[in-house]
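Values in this document were obtained by computation on a predicted structure and should not be read as measured data. Counting from 1, the numbers follow the sequence of the chain as shown.
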Amino acid sequence: MTGAPVRTLLLWCPDWPVLAAEIVDGVPATGPVAVLHANRVVACSAPARAAGVRRGLRRREAQGRCPTLTVVDHDPGRDARAFEPVLAAVEEVAAGVEVVRPGVCALAARGPARYLGGEEAAAERIIEQVAESCAVESQVGIADGVFAAGLAARTGQVVPPGGTPGFLAGLPVEAIGRPALADLLRRLGVRTLGEFAALPAGDVLARFGFDGALAHRLAAGHDHRPLAVRQPPVDLTVTAHHDEPLDRVDAAAFAARMLAERLHDRLAGHGLACTRLGIEAVTAHGQELHRVWRHDGLLTAAAIADRVRWQLDGWLSGSTGRAGARPARPTAGIVRLRLVPDGLLARGGLQPGLWGEAGEERDRAHRALSRVQGILGPESVVTAVLGGGRSPADQTRLVPWGDERLPARPGPPPLPDVVEASPDAAGRAVTQPGGAGRGRPRRPGPVPPWPGRLPPPAPAVMLPVPLTATVHDVTGEPVLVSARLAVSAAPARLAVGGATPTEIVGWTGPWPVDERWWAPAEARRRARFQVCLADGAALLLAVEAGRWLVEAIYD
């Protein structure tokens with residue numbers, strides 16, 4: 001227990017769960033809205049209260065009183081996320097804010113009152129700041145202690161210092177926020193907080209237990225703990241301003257090295273290191289440039305300097321890309337450079353392998369591919385991630401180099417890391433299955449069933465656009481597949497597009513796939529075949545709506 005309560009300023013946003021639903025989900029708070037938890041109303045809007053809706057009502061009774069009532073499920077996470085901008089707005093005026101609950105925050109009144117010229121001036125300034133920054137209405141109460149300040153905020157009062165016991169004395173016992181205790185006190189003849197506070201503390205503890213003793217202390221104007229303020233996040237970004245615009249790569253590289261060392265020293269001073277680095281630049285003409293670099297280990301000072309230098313080289317030199325494509329070069333030199341660390345970890349949070357760092361080959365590949373990204377953009381280098389699915393196209397997801405390698409669908413565990421890069425159909429460098437991964441190894445989980453999935457081996461080349469084909473039997477008639485997957489005749493010849501037909505020496509199938517049949521607009525029904533041709537080629541065919549298509553080629 002603490003002694004004298006601290007002079008406290010408390011900000012309260014009325015009907016916050018309703019406002020959070022409007023901010024996050026777009027539910028208009030100007031109409032009758034009720035937030036329900038366990039089938040009971042926990043918050044409602046002013047129009048809903050005007051129609052008779054109250055907290056604690058069951059859903060059916062609330063809708064009976066207001067037939068046009070919009071019902072929203074209670075989501076504490078949504079309330080907390082929506083309240084974060086309000087906290088940031090308050091912290092722009094005063095530091096040391098404690099989140100009492102979503103919609104309510106408190107801070108010591110002494111600091112903002114002395115800085116802004118009094119408690120009332122501080123209250124008005126904070127209310128204005130929240131309204132301007134977040135478009136949220138709020139009320140402020142100031143009293144001795146968080147409990148009394150919360151009750152004062154309901155009416156927007158500033159209780160004079162030392163006047164908190166008198167302010168609380170006339171309030172009903174229901175204000176204590178414990179319905180069962182308040183009901184028992186009323187049956188015992190105690191109707192106000194002043195009457196409750198006048199009871200001997202030892203008798204209250206013996207009769208009502210520890211929770212009753214805590215409520216008795218609050219009714220007397222005391223707090224049970226000091227404010228637990230949250231510390232604003234430390235600003236770790238570093239910025240450099242240049243009077244002479246940087247338009248040469250060598251001058252930019254020198255500035256990048258100095259800025260990288262400053263960032264590394266600042267992170268080291270807080271015992272941190274980063275795994276992602278944001279590089280921001282502003283030119284003399286006001287053009288803004290931004291790029292994010294990722295790394296699978298902790299970025300050292302040299303690694304930060306390398307990435308900044310590569311990025312500035314890509315921006316200033318306009319190096320030639322694939323097929324002669326040139327990135328847009330800035331119209332003027334760089335006058336401001338800013339480094340923003342992200343993915344922060346404690347310096348001991350990521351350890352090297354048992355036998356040291358990664359090998360030289362992988363490190364060289366990583367540096368080369370990272371530099372390509374700096375010149376051509378993050379999407380220029382992608383890695384293939386294997387997952388679940390029925391067709392080979394569904395089982396592969398291309399992920400930008402450095403992003404977390406998660407499959408699009410659950411499937412078998414990923415293959416070991418391989419750093420074999422080759423261009424795909426779009427001209428991007430693709431590391432073949434299980435390419436140099438960035439995440440830590442994951443424990444393989446159960447593989448869900450995929451009925452109709454092709455048996456191994458997987459095809460070597462997936463065609464971006466399937467090729468049309470025709471399949472005939474030995475008599476020259478088209479081969480058809482019925483709705484019951486009956487093949488009209490054995491496939492004998494295949495013609496891709498307008499090419500000369502080739503003899504089919506072996507085939508297997510069909511493997512039927514009937515996907516999303518419950519959504520007619522997205523439904524797809526097809527059957528796949530594997531065929532071997534006389535010239536040694538092996539193809540994956542699919543027949544859909546009577547059309548034959550070549551989907552992939554086997555090696």
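- For R7 and E119, the salt-bridge test passes: some basic side-chain N is under 4.0 Å from an acidic carboxylate O.
- Considering all non-hydrogen atoms of both residues, V71 and Q63 come closest at CG2-NE2, 3.5 Å.
- Taking CG of L339 as the start and CD of Q311 as the end, the distance is 11.0 Å to the nearest 0.5 Å.
- Annotation: side chain of E98 is not in contact with side chain of L10 (no heavy-atom distance under 4.5 Å).
- In this structure, the side chains of F83 and C105 come closer than 4.5 Å at one or more pairs of heavy atoms.
- The distance from atom CD of E124 to atom CD1 of I127, rounded to the nearest 0.5 Å, is 7.5 Å.
- Two residues are said to be in side-chain contact when any heavy atoms from C-beta on lie closer than 4.5 Å; L272 and L236 meet this criterion.
- Taking a 6.0 Å sphere around CZ of R114, one finds it holds 12 or fewer heavy atoms contributed by other residues, nucleotides or ligands.
- Residues V104 and L11 are not in side-chain contact: their nearest non-hydrogen atoms beyond the backbone lie 4.5 Å or more apart.
- Between R186 and E174, at least one side-chain N (NZ, or NE/NH1/NH2) sits under 4.0 Å from a carboxylate O, which counts as a salt bridge.
- Using a 4.0 Å cut-off between a side-chain N of Lys or Arg and a carboxylate O of Asp or Glu, R65 and E61 qualify as a salt bridge.
- Smallest separation of non-hydrogen atoms from A149 and T8: CB-O, 3.7 Å.
- Atom SG in C134 sits 9.0 Å away from atom CG in L87 (nearest 0.5 Å).
- The shortest heavy-atom contact between L259 and R338 is CD2-N, 4.5 Å.
- Between R101 and D79, none of the side-chain N atoms (NZ, or NE/NH1/NH2) sits under 4.0 Å from a carboxylate O, so this pair counts as no salt bridge.
- Other residues, nucleotides and ligands contribute only 12 or fewer heavy atoms inside 6.0 Å of the CD atom of E120.
- When only modelled atom types and interatomic distance are considered, R125 and Q129 share a side-chain donor-acceptor pair under 3.5 Å.
- At distances below 3.5 Å, not a single donor-acceptor pair connects side-chain atoms of R526 with backbone N or O atoms of V513.
- At least one side-chain heavy atom of L277 sits under 4.5 Å from a side-chain heavy atom of I304.
- With a 4.5 Å cut-off on side-chain heavy atoms, L185 and R187 do not count as touching.
- When the shell of 6.0 Å around NE2 of H37 is examined, it contains 12 or fewer heavy atoms from other residues, nucleotides or ligands.
- Around the CG atom of D73, the shell of radius 6.0 Å holds no more than 12 heavy atoms that belong to other residues, nucleotides or ligands.
- Residues A153 and Q139 share a closest heavy-atom pair of O-NE2, 2.7 Å.
- Scanning all heavy atoms of the two residues, the minimum distance from V130 to V136 falls at CG1-O, 3.6 Å.
- Considering only heavy atoms from C-beta on, D183 stays 4.5 Å or farther from V173 through its side chain.
- Closest approach of P172 and L193 over heavy atoms only: O-CG, 3.7 Å.
- Side-chain atoms of R54 and R49, non-hydrogen and from C-beta on, do get closer than 4.5 Å to each other.
- Qualifying side chain to side chain contact (heavy atoms under 4.5 Å, CB included) partners for R60, counting only residues two or more places apart in sequence or in other chains: none.
- A donor-acceptor pair under 3.5 Å links the side-chain atoms of H216 to the main chain of F196, judged by distance alone.
- Checked by atom type and distance alone, the side chain of R266 never pairs as donor or acceptor with a backbone atom of H264 at under 3.5 Å.
- With rounding to the nearest 0.5 angstrom, the CZ atom of R291 is 9.0 Å from the CD1 atom of I279.
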Exercise answer: donor-acceptor pairs, residues 22-34 side-chain atoms, under 3.5 Å, sequence neighbours excluded:
from : atom 1 : to  : atom 2 : distance (Å)
E22  : OE2    : A29 : N      : 3.3
D25  : OD2    : R78 : NH1    : 3.1

